[in-house]
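We use all heavy atoms of the structure for the numbers below, so side chains are in, but hydrogens, waters and symmetry mates are not.
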Amino acid sequence: MEYSAPRGTQDITPDESGIWQYLEATVRETMARCGYGEIRTPIFEHTEVFERGVGTTTDIVEKEMYTFRDRGDRSITLRPEGTAPVIRAYVEHRMAARPQPAKMYYIGPMFRYERPQAGRFRQFHQFGMEVVGVPGPAADAEVIATPLEVFRALGIRDVVVNLNSIGCPVCRGAYREALRQVYQPVLAELCPSCQGRYDRNPLRLLDCKSEQCRASVPEPPPIFGYLCPECASHFAELRLLLDGLGIEYVINSRLVRGLDYYTRTTFEYNVGGIGSQDAIGGGGRYDGLVEQFGGQSVPGVGVACGMERCVLAMKAEADDSRFARGITVYLVSLGDAARAKAFELAFDLRAHGISADFDMIGRGLKAQMRYADKLSARYVAIIGDDELERGAVALKDMASGSQQDVPIAQLATQLLNNR
RNA sequence: GUGGGUGUAGCUCAGUUGGCUAGAGCAUCAGAUUGUGGCUCUGAGGGCCGUGGGUUCAAGUCCCAUCACCCACCCCA
């Protein structure tokens, strides 16, 4: 019986981990440059964190969570998203008493019980950022713009930014009623899930893509006519900030998103070429969430990006050779004495910060050369009986094929100089 | 949760109307006059043909079930 990784999970093998490390390094570098500190929250939380944070009417909470009872009979859930835990931590650690705003980022695995497909997994990874304590649109703009910096650094082109405002509790009530008026006459023709949405969460009616609903529903009015003055000016200012950065975006009045905590700004990034799951990231403002967790009324904005989808997009771009690893020098040895010397020499070079590897299984010269080539070694240093006697190695540049004798004592400095 | 597709070597796939010890390319390993990689050539290892049942003299091939994977819906990252 052979085992396989559980459904919807995958191994990232050494062949794949290079691209992941590049992605992670790019995220960390960008976040640090933008003034964000990393926060690491637990992989699992009390189930209530997500029920209260994400919202009980969401698909995530209704049918996608990995929830179980632990041995103390507590209900535990593997985190399906990152924002609720971060806000829980913000309240728990009294971060409101630290310099505001709190700017945090995270990288890590998330879990949702869904049918896997291209770009969708049961264990997947996100990087995300949260700005807590900024009521104005500068935070929204930064949170929208920063992942775009990451995408650009990764070589992901043609990212489309979809942008919307879904108002606040004040203006949303009126809009909700307006939507109900539009949908009420055609209620019987709606798809089953929309019939449920009509009562529970009319805003999500906008999100439906089913042909059935498309055909029978008249175009609903955009929310913009219903926004209260504060929400309207917040949205207008945000647009000015984005315009100032030269960021192009598409106003999409149907962009609602499936988490209950959003207020005002919502947005999503889409890319082509990675299958039908083309949302590479998304986020929005959540002004009531800190209060939900028992904190003061502190506003927040955040974004989360799917790393598997980033990897797909990176691979869709032509040149992925830059993610490959390679060592600086491979030590080819001939005979037992030379092999022992190569072993010592490898550790000596490594101690100098040079990546070096050597033959461990006593292969022939040709086989060692082939292996060095497959490792993409930049140099090969050959040690045989002659070289042992002279205290030197034959150093070969694998790209040019040129070769020279180098005294062993000078090998490290020579390699460092050639860099 | 719903629908469609696919399961043969590590990978990508051939395999005739059911019929000999199941093949190819790539990959791995070893060689091609004894100390030099990529190109070429030779050879080797590696398969319970996803699993279980059925039909048949005979099943990789036909039937049923099951599992897994892929894609899509839904929703999201």
Side-chain angles (χ1 to χ4, degrees), chain A residues 1-10 13 15 54 57-64 79-83 107-128 147 191-194 196-197 204 207-213 255-259 266-271 274-283 302-313 330 332-335 338 361 363-388 393-403:
Chain A
M1 176 59 199
E2 191 175 333
Y3 293 105
S4 60
R7 178 159 215 202
T9 68
Q10 53 184 175
T13 60
D15 286 337
V54 177
T57 66
T58 60
D59 279 12
I60 290 177
V61 172
E62 274 182 353
K63 50 192 189 192
E64 294 176 1
R79 65 181 185 194
E81 61 102 50
T83 299
I107 296 181
M110 307 290 166
F111 305 84
R112 294 184 198 172
Y113 190 89
E114 295 190 271
R115 286 279 290 266
Q117 69 183 81
R120 182 153 78 190
F121 304 91
R122 290 185 172 180
Q123 175 176 336
F124 61 103
H125 297 77
Q126 290 184 328
F127 70 88
C191 70
S193 71
C194 278
R197 289 166 173 165
R204 293 204 50 74
D207 210 23
C208 186
K209 287 136 197 143
S210 88
E211 292 295 330
Q212 194 184 346
C213 293
L255 179 68
V256 173
R257 299 183 52 78
L259 290 81
T266 59
F267 61 94
E268 214 167 86
Y269 310 103
N270 296 90
V271 283
I274 62 168
S276 78
Q277 303 306 314
D278 62 349
I280 201 173
V303 60
C305 298
M307 297 176 73
E308 280 78 2
R309 291 179 189 179
C310 287
V311 168
L312 284 174
Y330 188 79
V332 169
S333 55
L334 300 164
I361 48 187
R363 277 200 270 228
L365 174 67
K366 277 192 168 190
Q368 290 188 53
M369 291 298 294
R370 266 197 287 268
Y371 184 67
D373 190 52
K374 280 164 195 153
L375 291 183
S376 311
R378 191 160 162 208
Y379 299 98
V380 153
I382 300 164
I383 313 171
D385 292 338
D386 298 358
E387 287 81 0
L388 266 186
V393 300
L395 186 65
K396 177 168 184 170
D397 182 315
M398 292 295 271
S400 69
S402 66
Q403 191 168 320

Glu387(A) near the nucleic acid: base, sugar-phosphate alone, or nothing, with a heavy-atom cut-off under 4.0 Å? base
Would you indicate which nucleotide in C73(B), C75(B), G37(B) comes nearest to any side-chain atom of Asp59(A)? C75(B)
Spacing of the C1' atoms in A27(B) and G45(B) (rounded, Å): 13 Å
Under 4.0 Å, heavy atoms only, any strand: does Lys63(A) hit a base, just the sugar-phosphate, or nothing? nothing
Looking at Gln117(A), does any N or O in its side chain come under 4.0 Å of the phosphate oxygens OP1/OP2 on C71(B)? no
At under 4.0 Å between heavy atoms, what does Ala118(A) touch on the DNA or RNA strands: base, sugar-phosphate, or nothing? sugar-phosphate
Both Tyr269(A) and Gly364(A) contact RNA chain B. Which one's nearest nucleotide lies toward the 5' end? Gly364(A)
Between A77(B), U36(B), C75(B), which one does the side chain of Ala304(A) approach most closely? A77(B)
Does a side-chain N or O of Gln277(A) approach OP1 or OP2 of C73(B) to a distance below 4.0 Å, or not? yes
Just call it for Glu268(A): base, sugar-phosphate, or nothing, with non-hydrogen atoms closer than 4.0 Å on any strand. nothing
What nucleic acid atoms does Gly128(A) come within less than 4.0 Å of, heavy atoms only: base, sugar-phosphate, or nothing? nothing
Looking only at the aromatic ring of each residue, does the gap between the centers of Phe111(A) and Tyr113(A) stay below 6.0 angstrom? no
Report yes if a side-chain nitrogen or oxygen of Arg7(A) is closer than 4.0 Å to either non-bridging phosphate oxygen (OP1 or OP2) of C69(B); otherwise report no. yes
With a 4.0 Å cut-off on heavy atoms, is Ile60(A) in touch with a base, just the backbone sugar-phosphate, or nothing at all? nothing
Which letters describe nucleotides 1-8 of chain B, given B = protein heavy atom under 4.0 Å from base, S = only from sugar-phosphate, - = neither? BBB-----
Quick one: label Arg257(A) by what it contacts on the DNA or RNA (base, sugar-phosphate, nothing), any heavy atom closer than 4.0 Å. sugar-phosphate
In the structure shown, which nucleotide is the Watson-Crick or G-U wobble counterpart of A14(B), with both distances under 3.5 Å? none
Regarding Ile382(A), tell me which of base, sugar-phosphate or nothing describes its non-hydrogen contacts under 4.0 Å with the strands shown. base
Lys366(A) has its side chain closest, among G37(B), G35(B), C76(B), to G37(B)
So what does Phe121(A) hit on the nucleic acid, given a heavy-atom distance under 4.0 Å: a base, only sugar-phosphate, or nothing? base
Out of A77(B), U36(B), G38(B), which nucleotide sits closest to the side chain of Arg370(A)? G38(B)
P-based separation of A9(B) from G15(B) [nearest Å]: 15 Å
Options U36(B), C75(B), A30(B), nucleotide nearest the side-chain atoms of Arg363(A): A30(B)
When rounded to the nearest Å, what value does the distance between C1' atoms of U16(B) and C70(B) take? 28 Å
